[in-house]
*Asks:* 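Can you read through this structure? Questions will come right after.
These figures come from a predicted structure and were not determined experimentally.
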Amino acid sequence: MFTEKTILMNMLLLLSAAFISALEVERYAIFAGCNNAGKDHEKLMYAATDAMAFQKTMSEIGGVSKANGILLLEPGKDDLDQAMDDISHKILNNKNKASRTEFIFYYSGHSDEDSLLLGKETYSYSQLKAAISSVPSDVHVVILDSCYSGNFIRTKGGQRQKPFLVDDSSVVKGHAYLSSSSSQEFSQESDEIGSSFFTSAMLTGLRGAADSSGDKRVTLNELYSYAFNETLYKTEKSSAGPQHPNYNITLVGSGDLVLSDISSSDCVVRIASDVKGRVIIRNTEGKLISEINKLQSSPVYLALEEDTYNVVVISDSNTKQGKFTLTSGKVYDLKSSNLNSTNLEVTRLRGGDSSSDGGEDSDDEDEEDKEVDLAWMPLDFSFVMNEFSSLLHKDIYTNCSVGLFNTSAYEVKGVMTSAGISSAEIIKGVQLSALISYAKEVHGIQGAEIFNAAHDIHGIQAAGIFNSAHDIHGIQASGVFNFSHDVNGIQASGIFNNSRNFSGLQTAGIFNKADDFQGLQTAGIFNTSDDFSGLQAAGIVNNAGALNGFQASGVLNFADSITGLQAAGVLNVTDYLSQNGVQIGLINYAKESDGFQLGLLNISRNGLLEYELALTSNLNLRHSITSGNSNLYCVLGYSTPVVWYASPWIEEDEYYGVYFGIGSRYSIGKFDFDFEVAGNQVFFGKKLDPEDSDSDNGYYPSLRLAAGYKPVDKVKIVTGFILSAAFNDDKLALEEMDSNILIKRKNAVFLPEFELGLSYSFN
């Protein structure tokens with residue numbers, strides 16, 4: 001018979017085992033976003049940003065470190081295959097560090113009944129499933145947010161399964177497939193929420209809305225249930241029809257899979273039990289952050305970023321609103337008392353072609369298909385309100401429209417000009433106004449002294465102050481400010497550019513902003529872009545979400561992730577430096593780095609950052625900082641004779657040197673072996689050549705071979721050999737230095753040294 005003590009001990013052992021097992025789980029992920037699927041398919045707006053948001057959420061509260069996650073924007077089939085190979089290598093290299101590995105594959109973009117649509121390429125579901133299955137992980141979680149993605153679940157006989165049970169078991173193996181829609185449905189994205197419905201629901205659920213048990217953890221079953229209900233709720237009345245997410249879960253074992261941990265977040269808002277109804281949370285820019293249908297009386301915890309938020313709560317009886325600020329390390333308690341009482345959506349299809357019903361432009365296409373009762377006038381003249389053409393009681397098309405204060409027409413094939421305002425549905429030619437020009441569609445030139453506005457530009461849009469356009473294929477230029485939704489061409493202004501999606505050249509004297517960019521972005525002061533592929537250059541500061549290409553500035557660079565080159569005159573900063581990434585600057589910082597950092601000081605959590613103090617056989621003390629990674633690191637230091645410390649001033653017969661170099665390290669257990677090359681500059685207290693005013697210093701290269709042993713963590717005993725060489729006039733520098741051995745040749749001098757020292761690691 002079990003006593004209470006025995007039962008309690010067994011429970012503690014089980015809980016301890018589960019806790020230890022949870023600590024030993026290593027999670028890996030690929031996040032892919034593809035807006036483009038070829039000319040026959042409408043370009044998506046949020047697939048790439050959805051992938052970035054999913055990566056950010058899983059990095060913050062989902063247990064996927066930046067080193068274990070790969071972000072792919074506009075990938076091809078080879079890019080996905082290479083990423084899965086890289087993840088497989090990481091898992092195999094770290095197989096002894098974890099008792100269980102988990103692999104998450106997230107894709108947002110276009111697809112059809114058989115394949116993912118990756119630009120001009122396709123990736124069949126059967127091939128994708130085989131590639132994912134080949135990743136040597138215990139658990140595979142696949143999340144597809146694209147049209148007809150339910151077909152992935154059905155490929156090769158997959159069947160819809162019942163969710164597995166939830167208990168305290170830590171034994172979980174197998175796969176879980178989640179799709180945003182059924183095998184015959186479109187997946188939809190929305191401009192209002194700036195995301196797809198399915199991914200928005202997934203992210204909101206991961207951040208705490210799906211936590212139905214109240215344990216501040218979101219499991220796979222909780223997440224799917226929440227995402228299904230929210231996606232269906234928000235698409236029931238959309239033009240493309242309701243969207244039903246699907247699943248296939250075949251995990252061996254009875255333990256549920258925890259996907260996010262709210263308690264691990266620095267910023268948490270607690271929605272109190274007295275708050276009930278539809279809770280809508282937006283940031284200060286108006287972007288929808290979270291939307292929860294809170295019906296239960298228990299509190300809900302949400303992990304959000306440090307920021308100020310506006311909240312609206314809609315219940316059956318009233319609507320309340322308020323504002324709250326989240327700060328790091330604190331939980332904000334959102335109560336009903338904090339709130340004050342206050343008295344068909346457009347969607348875009350993920351996989352349908354541009355002519356499919358329910359697309360973003362379907363309303364526009366319907367309008368264009370309507371018959372317009374037109375009257376032709378070769379010349380239309382207007383003082384204020386089209387006094388002459390309005391007598392026809394029809395829309396007009398004309399070859400020439402002239403206005404004193406205002407003129408308008410349905411279509412102009414020629415010239416439209418006004419001393420004040422001109423407006424038209426379609427311009428095929430030139431539109432010029434002294435104040436404001438407006439057209440829905442422009443094929444040619446649109447110009448105004450103050451303001452231009454157009455939905456679609458094929459040509460040139462130029463204004464003295466401000467331009468606004470939805471789509472531009474050509475050039476947009478203004479003296480002060482440009483704004484555009486989608487640009488393919490050139491956008492230029494004296495002060496400020498803003499574009500959501502850009503392909504081409506964007507330049508400004510002060511500031512550029514682009515959400516999604518492919519091409520060249522330049523500014524005299526500041527550039528910012530959420531997603532960047534190409535060249536980003538600024539005189540002072542660059543900021544990019546995901547950088548694929550080249551980022552250069554005179555002072556500072558910032559990027560969430562880097563695949564390419566980041567170069568700054570002073571400081572480079574990124575959250576993650578990929579294997580194909582390089583940072584070049586005086587100071588380089590990366591939270592996680594798998595790439596190369598070249599600078600005086602290179603900092604990353606998983607890199608090298610060591611201080612070494614060594615005494616050489618020539619009685620020189622060497623102080624050095626080693627930073628970077630083991631494949632390629634940088635070393636910065638200075639060297640002085642021991643006797644130099646006896647005097648606060650450099651005497652005539654004394655000297656000191658500074659050096660900078662690069663090196664590579666090979667490690668075996670507790671032993672490190674370093675190979676370094678460096679350039680040395682030495683300064684003397686006297687002239688080496690009385691006839692040369694600059695002879696109080698000299699330059700020479702050096703080679704260093706060193707071995708280190710770590711008796712304890714972070715501390716290393718180092719021994720090494722240094723060979724310095726000087727040629728021609730620089731020989732005087734080595735000859736004047738203290739040395740036990742000096743090898744002289746006709747035009748060269750060689751100085752060998754041995755060293756012994758201690759090294760301390762900050763990582």
Side-chain angles (χ1 to χ4, degrees), residues 17-32 51-72 80 83-108 131-144 164 166 169-178 199 202-203 205-208 210-211 215-224 227 249-253 255-265 303 560-561 575-576 578-579 591-594 605-606:
F19 178 73
I20 294 172
S21 178
L23 291 178
E24 293 176 345
V25 172
E26 192 80 7
R27 185 169 284 175
Y28 303 82
I30 294 174
F31 308 94
M52 294 165 61
F54 216 98
Q55 181 202 36
K56 182 177 179 64
T57 300
M58 294 304 293
S59 174
E60 291 175 355
I61 56 175
V64 180
S65 67
K66 284 292 179 68
N68 287 354
I70 297 177
L71 176 65
L72 299 174
L80 289 179
M84 279 187 262
D85 286 343
D86 293 341
I87 289 292
S88 297
H89 289 309
K90 284 177 178 286
I91 293 174
L92 293 174
N93 290 337
N94 298 329
K95 63 181 180 180
N96 295 327
K97 298 181 180 180
S99 63
R100 186 173 83 236
T101 58
E102 298 172 359
F103 172 54
I104 298 173
F105 179 85
Y106 169 86
Y107 171 78
S108 175
I132 292 173
S133 299
S134 68
V135 175
S137 177
D138 298 314
V139 175
H140 298 81
V141 178
V142 181
I143 302 170
L144 301 183
F164 49 92
V166 179
S169 172
S170 62
V171 179
V172 181
K173 291 188 177 183
H175 72 255
Y177 301 149
L178 306 182
T199 292
M202 294 282 283
L203 295 177
L206 284 168
R207 290 196 174 275
D211 178 23
D215 62 355
K216 298 183 183 180
R217 301 189 307 171
V218 176
T219 66
L220 181 64
N221 281 318
E222 288 176 326
L223 181 62
Y224 171 77
I249 301 173
T250 56
L251 295 178
V252 177
D256 201 351
L257 196 65
V258 176
L259 289 181
S260 64
D261 184 357
I262 313 307
S263 61
S264 65
S265 176
D560 288 344
S561 62
D575 286 343
Y576 176 58
S578 71
Q579 289 180 332
K591 286 184 180 179
E592 300 284 345
S593 174
D594 289 329
R605 293 177 180 175
N606 60 332

*Asks:* For the pair Tyr107 and Val142, evaluate side chain to side chain contact (heavy atoms under 4.5 Å, CB included) and give the outcome as yes or no after the intermediate values.
*Replies:* CA-CA 8 Å; Tyr107 171 78; Val142 181; over 6 Å; no
*Asks:* Looking at Thr219 and Glu222, would you say the former's side chain and the latter's main chain have a donor-acceptor pair under 3.5 Å?
*Replies:* yes
*Asks:* Report yes or no: does Arg100 contribute a side-chain atom to a donor-acceptor pair with the main-chain N or O of Asp138 at less than 3.5 Å?
*Replies:*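 Answer holds: no.
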*Asks:* Given side chains that start at C-beta, do those of Asp594 and Tyr576 come closer than 4.5 Å, heavy atoms only?
*Replies:*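 In contact.
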*Asks:* For the residue pair Ala83 and Leu72, what are the closest heavy atoms and their distance?
*Replies:* CB-CD1, 3.7 Å
*Asks:* What are the two closest heavy atoms between Ala29 and Val64, and how far apart are they?
*Replies:*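 Heavy atoms of Ala29 and Val64 come nearest at CB-CG1, 3.8 Å.
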*Asks:* How long is the straight-line distance from CG of Asn221 back to CG of Leu259, given to the nearest 0.5 Å?
*Replies:*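 Nearest 0.5 Å value for the CG-CG distance: 9.5 Å.
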*Asks:* For the residue pair Leu257 and Glu102, establish whether any side-chain heavy-atom pair is separated by less than 4.5 Å.
*Replies:*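 A side-chain contact under 4.5 Å exists here.
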*Asks:* Specify the closest pair of heavy atoms between Ile91 and Pro136, including all atoms of both residues, with the distance to one decimal.
*Replies:*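 In terms of heavy atoms, the two residues are closest at CG2-O, 3.2 Å.
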*Asks:* Closest approach of Ser561 and Leu71, non-hydrogen atoms and distance?
*Replies:* OG-CD2, 4.0 Å
*Asks:* CG/Leu144 to OH/Tyr106 distance, rounded to the nearest 0.5 angstrom?
*Replies:*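 Nearest 0.5 Å value for the CG-OH distance: 9.5 Å.
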*Asks:* Below 4.5 Å, heavy atoms only, C-beta onward: do Val135 and Phe105 meet side chain to side chain?
*Replies:* no
*Asks:* Can you name the salt bridge (Lys or Arg N to Asp or Glu O under 4.0 Å) partners of Asp86, sequence neighbours left out?
*Replies:* none
*Asks:* Is any NZ, NE, NH1 or NH2 atom of the basic residue among Asp575 and Lys66 found under 4.0 Å from an Asp or Glu carboxylate oxygen of the other?
*Replies:*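 Yes.
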*Asks:* CG of Asn68 to OH of Tyr28: how many Å apart, nearest 0.5 Å?
*Replies:* 5.0 Å
*Asks:* Is the backbone of Leu203 close enough, under 3.5 Å, to the side chain of Thr57 for a donor and an acceptor to pair up by distance?
*Replies:* no
*Asks:* Minimum heavy-atom separation for Phe103 to Ser137, with atom names?
*Replies:*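 Looking at all heavy atoms of both residues, the shortest contact is N-OG, 3.2 Å.
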*Asks:* Could you tell me which residues satisfy salt bridge (Lys or Arg N to Asp or Glu O under 4.0 Å) with Glu592, sequence neighbours excluded, listed by chain and number?
*Replies:*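 So Glu592 forms no salt bridge (Lys or Arg N to Asp or Glu O under 4.0 Å) with any residue.
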*Asks:* Looking at CD1 of Ile87 and OG of Ser134, how far apart are the two atoms once the value is rounded to the nearest 0.5 Å?
*Replies:*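 Answer rounded to 0.5 Å: 12.0 Å.
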*Asks:* Taking atom CZ of Arg217 and atom CD1 of Ile61, what is their separation to the nearest 0.5 Å?
*Replies:* 13.5 Å
*Asks:* I need the Glu60 CD to Arg207 CZ distance, nearest 0.5 Å.
*Replies:* 4.5 Å
